Amino acid sequence: MKSIFNNKDEIPTLDQLKEALGDTYDLWQSLEKFTHQHDHNSRSEWYMQWEVE
C-alpha cells in the first residue's frame with residue numbers, strides 16, 4: 001500500500017486525514033475517542049513508522 005503522506009516532517013491536517021480516510025474517517029474518530037476515554041494516558045500525535053521512498 002502506498003501512502004499519500006510522503007513527508008515525515010509534515011503533519012497532515014484534519015482535512016487531509018478526512019480526504020485520505022474517506023468513509024472510514026468517522027470510524028477513526030470513534031476509535032480515537034474511545035481510546036482517550038478508556039486510557040487517560042493516551043495522547044494524539046502523528047507518527048510515521050515507515051520509510052518514504
Side-chain angles (χ1 to χ4, degrees):
M1 173 192 261
K2 184 172 172 82
S3 175
I4 64 162
F5 303 111
N6 296 318
N7 185 347
K8 283 182 144 185
D9 299 320
E10 185 177 317
I11 298 172
T13 66
L14 280 180
D15 286 338
Q16 288 172 314
L17 287 173
K18 285 179 186 178
E19 183 178 341
L21 295 172
D23 293 338
T24 63
Y25 179 78
D26 290 338
L27 175 61
W28 178 79
Q29 286 287 157
S30 297
L31 291 170
E32 182 182 40
K33 182 178 178 180
F34 176 87
T35 301
H36 290 305
Q37 287 174 340
H38 291 84
D39 180 358
H40 299 290
N41 293 320
S42 68
R43 63 181 187 216
S44 295
E45 63 181 34
W46 178 249
Y47 176 70
M48 228 173 126
Q49 67 181 11
W50 57 89
E51 289 297 319
V52 177
E53 298 176 4

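Index from 1, following the sequence. Nothing here was measured: the structure is a model prediction, and the numbers come from that model.
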### Message
With a 4.5 Å cut-off on side-chain heavy atoms, are Ser44 and His36 touching?
### Response
yes
### Task
Would you please name every residue forming a side-chain contact (heavy atoms from CB on, under 4.5 Å) with Leu21, sequence neighbours left out?
Thr24, Tyr25, Trp28
### Task
Examine Leu14 and Trp46 and state if one hydrophobic cluster contains both, with Ile, Leu, Val, Met, Phe, Trp and Tyr joined whenever side-chain heavy atoms are less than 4.5 Å apart.
yes
### Query
Shortest non-hydrogen contact from Thr35 to Ser42?
O-OG, 3.7 Å
### Query
Rounded to the nearest 0.5 Å, how far does CD of Glu19 lie from OG1 of Thr13?
9.0 Å
### Query
Is Gln16 atom CD crowded by more than 12 heavy atoms from other residues, nucleotides or ligands, each under 6.0 Å away?
yes
